[in-house]
There are 2 protein chains.
Amino acid sequence: MEFKRLKYFLAVAEELHFGRAATRLDMAQPPLSRQIATLEAELGVQLFDRSRSQIRLTQAGAVLQDHARQILDRLDAAYRETKLIGSGGAGRIRIAFVGSASHGLLPTLIKSFRSFYPDVELALSAMNNAELQHALVSREIDIAVARPELKDEEFRRELLCRERLILALPDNSRFSGQSEVRLTDLADQTFVLYPRRPRPSYADVVLGICEREGFKPAGLELTQDFQSAISLVSVGVGLSVVPESVGRTQRPGVIYRPYVGYNPGTALTVHARLDNRAPQVMNFMDITRKFARKH
Amino acid sequence: MEFKRLKYFLAVAEELHFGRAATRLDMAQPPLSRQIATLEAELGVQLFDRSRSQIRLTQAGAVLQDHARQILDRLDAAYRETKLIGSGGAGRIRIAFVGSASHGLLPTLIKSFRSFYPDVELALSAMNNAELQHALVSREIDIAVARPELKDEEFRRELLCRERLILALPDNSRFSGQSEVRLTDLADQTFVLYPRRPRPSYADVVLGICEREGFKPAGLELTQDFQSAISLVSVGVGLSVVPESVGRTQRPGVIYRPYVGYNPGTALTVHARLDNRAPQVMNFMDITRKFARKH
DNA sequence: TCGTGCGATACCTTTTGGGTATCAGACAAC
DNA sequence: GTTGTCTGATACCCAAAAGGTATCGCACGA
């Protein structure tokens with residue numbers, strides 16, 4: 001059974017005239033007659049009653065007409081829907097990001113993507129860098145937003161933003177009154193850093209900054225993620241060094257301050273597997289590139 | 001878009017292996033690869049992710065798989081249903097018959113057809129010969145059961161049965177006591193005959209019998225159909241001459257008697273248009289032929 | 001590093017589909 | 001009745017498409 005035959009059949013069934021149907025189908029009449037004859041032979045059924053000058057559908061033809069209409073409609077729907085998903089206009093992307101990204105440009109990027117592709121479903125989750133790396137490699141996620149980035153040759157990457165580091169201090173800290181704090185003055189403080197595992201991690205970046213400033217923090221508290229670290233700061237366990245964007249969201253018990261001292265800053269980078277050419281993912285990376293350029 | 005391609009695509013989508021899919025489809029692997037590639041090109045969409053050794057469906061591929069399954073199922077259903085109707089195993093026949101046929105072999109014939117083709121819908125109606133002829137020619141009906149038959153070269157016909165004529169007498173008639181009545185003794189009676197129009201009709205057949213017996217009925221009442229004639233007999237208006245089979249159904253106020261005299265009998269004949277080769281109709285004629293032979 | 005497995009490509013053959021010319025039958029007008 | 005016209009079917013040819021075999025290229029595992 002050929003698909004084209006059904007289309008031909010429908011044209012003849014509607015025109016009830018081979019010549020006109022052929023014109024409508026933009027073809028000559030003889031091949032059309034032959035195709036209908038083939039269809040009839042294939043079904044072993046008479047579809048048209050040709051005994052009069054005006055042809056008419058047989059009962060079997062009428063039934064086939066109903067079915068053919070539905071089948072062609074479905075086919076068209078399948079065609080369009082597949083193309084839509086194939087072009088990335090619909091479907092699903094699984095995105096994971098580091099906890100500290102939830103305050104900065106990422107939410108805006110996601111809103112922007114949503115406005116371009118409202119029919120693409122986004123499955124969001126938070127992970128630390130190591131988990132992001134594993135999830136991306138094992139294809140559990142499609143997009144990883146890491147800080148500052150994941151080292152892997154298998155990934156395609158787009159820099160989302162660079163930002164400076166600032167201090168997150170308990171609001172009862174003796175430094176909280178000052179508008180500017182020297183990093184070296186904090187040598188006697190407890191630093192709350194993350195993640196605990198695996199090392200080296202962002203915690204080591206901060207410890208490296210301290211070392212460069214010539215001190216080692218008097219106390220060190222390691223948490224599994226950014227959210228836990230900020231919680232510890234808010235209850236006065238110690239202070240933390242965090243990306244600037246985090247400071248834009250106020251949190252009870254925590255105040256943010258810039259500091260004087262070595263500030264290499266940090267970055268957010270969006271990653272995808274190089275071999276994941278899914279149009280949804282490609283589109284997300286494109287939007288990211290344009291978005292980063294604009295901000 | 002070709003149907004074959006969808007079938008091929010489904011095989012590959014299920015096997016996730018071109019070689020195995022090709023084996024299952026009983027073809028070589030290269031043309032299968034090409035067909036899938038053509039399908040992808042046609043949709044402008046990647047259906048399989050071939051970046052790993054094990055191929056996998058893309059999102060678009062998964063969507064197309066759903067649709068393709070449904071489309072092929074529908075196609076199969078269309079195929080089967082059309083064949084069924086095309087073979088006469090389902091569908092509809094419009095049958096009309098003379099009123100006097102509803103007591104004889106016709107109901108049994110119809111039951112017999114029903115048992116052979118339970119899924120064929122029968123639309124039944126009663127008409128006189130002239131109406132049957134017109135309805136059959138104008139394709140308002142497919143089958144006409146007439147008495148004794150319709151004269152038209154355009155009809156295919158099967159003799160259903162021959163039968164003798166008998167008298168239908170009012171039960172208060174002076175003849176109703178006799179087991180046998182001479183036709184010539186009825187010359188002074190009123191004959192109730194049918195149909196009134198158009199002439200000549202069955203009424204004229206009966207009048208011809210009287211003429212051959214050498215008399216003309218004293219009274220003549222013409223009705224439009226058999227049912228009305230029997231009703232008039234039952235209320236004592238006169239007597240009628242009817243097919244033998246009618247006598248098998250008793251009716252209050254009417255008794256049936258054979259008669260002595262010229263009895264050419266009558267027949268029931270089943271007609272269809274010669275150019276109506278609808279399988280349902282052909283099957284009905286076949287059943288009629290076998291049925292008539294058996295009885 | 002080399003084999004092995006798998007999909008893609010090259011190239012040929014067969015099948016199918018479409019085109020033009022023409023036939024055959026039905027219907028209408030004269 | 002005869003003839004012209006309309007319509008679907010048939011004959012025949014050519015182009016396009018689909019299938020087959022041989023082989024390539026690439027990735028993965030030993």
Side-chain angles (χ1 to χ4, degrees), chain A residues 1-43 45-58 60-61 137-139 152-154 273-277, chain B residues 1-43 45-58 61 137-139 152-155 273-277:
Chain A
M1 168 84 78
E2 288 288 343
F3 168 65
K4 221 183 305 186
R5 286 204 229 287
L6 282 190
K7 217 175 67 190
Y8 290 176
F9 165 71
L10 269 193
V12 178
E14 275 161 30
E15 296 286 350
L16 288 177
H17 188 292
F18 280 78
R20 280 197 300 276
T23 307
R24 203 172 99 180
L25 292 167
D26 199 26
M27 68 189 292
Q29 168 262 320
L32 177 57
S33 286
R34 248 185 305 135
Q35 290 294 341
I36 299 295
T38 310
L39 181 58
E40 286 181 327
E42 198 171 2
L43 291 160
V45 154
Q46 198 78 1
L47 295 172
F48 293 98
D49 176 1
R50 299 161 170 86
S51 64
R52 290 297 213 179
S53 65
Q54 168 78 343
I55 64 172
R56 56 183 66 216
L57 280 169
T58 61
V137 167
S138 65
R139 298 167 198 270
D152 194 315
E153 284 307 305
E154 290 295 306
R273 290 186 60 94
L274 261 182
D275 63 3
N276 186 349
R277 320 252 335 149
Chain B
M1 169 88 77
E2 294 283 346
F3 272 133
K4 220 184 304 184
R5 288 205 228 286
L6 283 190
K7 218 175 66 190
Y8 290 176
F9 165 71
L10 270 192
V12 179
E14 276 161 29
E15 297 285 349
L16 289 176
H17 188 291
F18 280 76
R20 280 197 300 275
T23 308
R24 201 172 99 180
L25 291 167
D26 198 26
M27 69 190 291
Q29 169 263 319
L32 178 57
S33 286
R34 249 183 306 135
Q35 289 295 340
I36 300 295
T38 309
L39 182 58
E40 287 181 326
E42 198 171 2
L43 290 161
V45 154
Q46 198 79 359
L47 295 171
F48 292 98
D49 176 1
R50 302 163 169 84
S51 65
R52 291 310 224 160
S53 65
Q54 168 77 342
I55 64 172
R56 57 183 65 214
L57 280 169
T58 61
V137 167
S138 65
R139 298 166 199 272
D152 196 315
E153 283 307 303
E154 290 294 305
F155 297 161
R273 288 186 62 93
L274 260 182
D275 63 4
N276 186 348
R277 320 254 333 150

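Residue numbers begin at 1 in each chain, while the letters A, B, ... track the order of the sequences.
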- Task: In whole angstrom, give the distance that lies between atom CD of B:Q29 and atom C1' of D:dG20.
- Result: 12 Å

- Item | Whole-Å distance separating the CG atom of A:L16 from the C1' atom of D:dC6 | 16 Å

- Would you mind reading off the distance between A:L47 atom CG and D:dG8 atom C1', rounded to a whole angstrom? 15 Å

- Query: Do A:K4 and B:E2 touch side chain to side chain, with heavy atoms closer than 4.5 Å?
  - Reply: yes

- Check the distance between D:dG8's P and B:D275's CG and give it to me in whole angstrom. 17 Å

- Note on the structure: Comparing nearest nucleotides in DNA chain C, the 5'-proximal residue of the pair A:P30, B:R20 is B:R20

- Query: Between B:Q35 and D:dG19, does any side-chain N or O lie under 4.0 Å from OP1 or OP2?
  - Reply: yes

- Can you check the B:L32 CG to D:dA18 C1' distance for me, whole Å? 12 Å

- Query: Between A:Q46 (CD) and D:dG8 (P), how many Å, whole number?
  - Reply: 14 Å

- Query: When the distance from CZ of A:F18 to P of D:dT10 is rounded to whole Å, what number comes out?
  - Reply: 11 Å

- Note on the structure: Contact span of DNA chain C against chain A, any nucleotide atom under 4.0 Å from a heavy atom, 5' to 3', runs C:dG17 to C:dC27

- Message: Is any side-chain heavy atom of B:V137 closer than 4.5 Å to one of B:F155?
- Response: yes

- Can you check the A:L39 CG to D:dA9 P distance for me, whole Å? 13 Å

- Between B:Y8 and A:S33, who's closer to the 5' end of DNA chain D by nearest nucleotide? A:S33

- So what does B:R50 hit on the nucleic acid, given a heavy-atom distance under 4.0 Å: a base, only sugar-phosphate, or nothing? sugar-phosphate

- Item | Heavy-atom side-chain contact between B:F48 and B:T58 under 4.5 Å | no

- Query: So which heavy atom on B:L47 is nearest to which on B:E40, and how close?
  - Reply: N-OE2, 2.8 Å

- Query: Under 4.5 Å between any side-chain heavy atoms of A:L32 and A:M27, yes or no?
  - Reply: yes

- Salt-bridge contact A:D275-A:R139 (side-chain N to carboxylate O under 4.0 Å): yes

Report, one line per pair, each donor and acceptor closer than 3.5 Å where one atom sits in a side chain of residues 18-26 of chain A; sequence neighbours left out.
from, atom 1, to, atom 2, distance (Å)
A:R20, NE, A:E15, OE1, 3.4
A:R20, NH2, A:E15, O, 3.3
A:T23, OG1, A:G19, O, 3.0
A:R24, NH1, A:E15, OE2, 3.1
A:R24, NH2, A:E14, OE1, 2.9

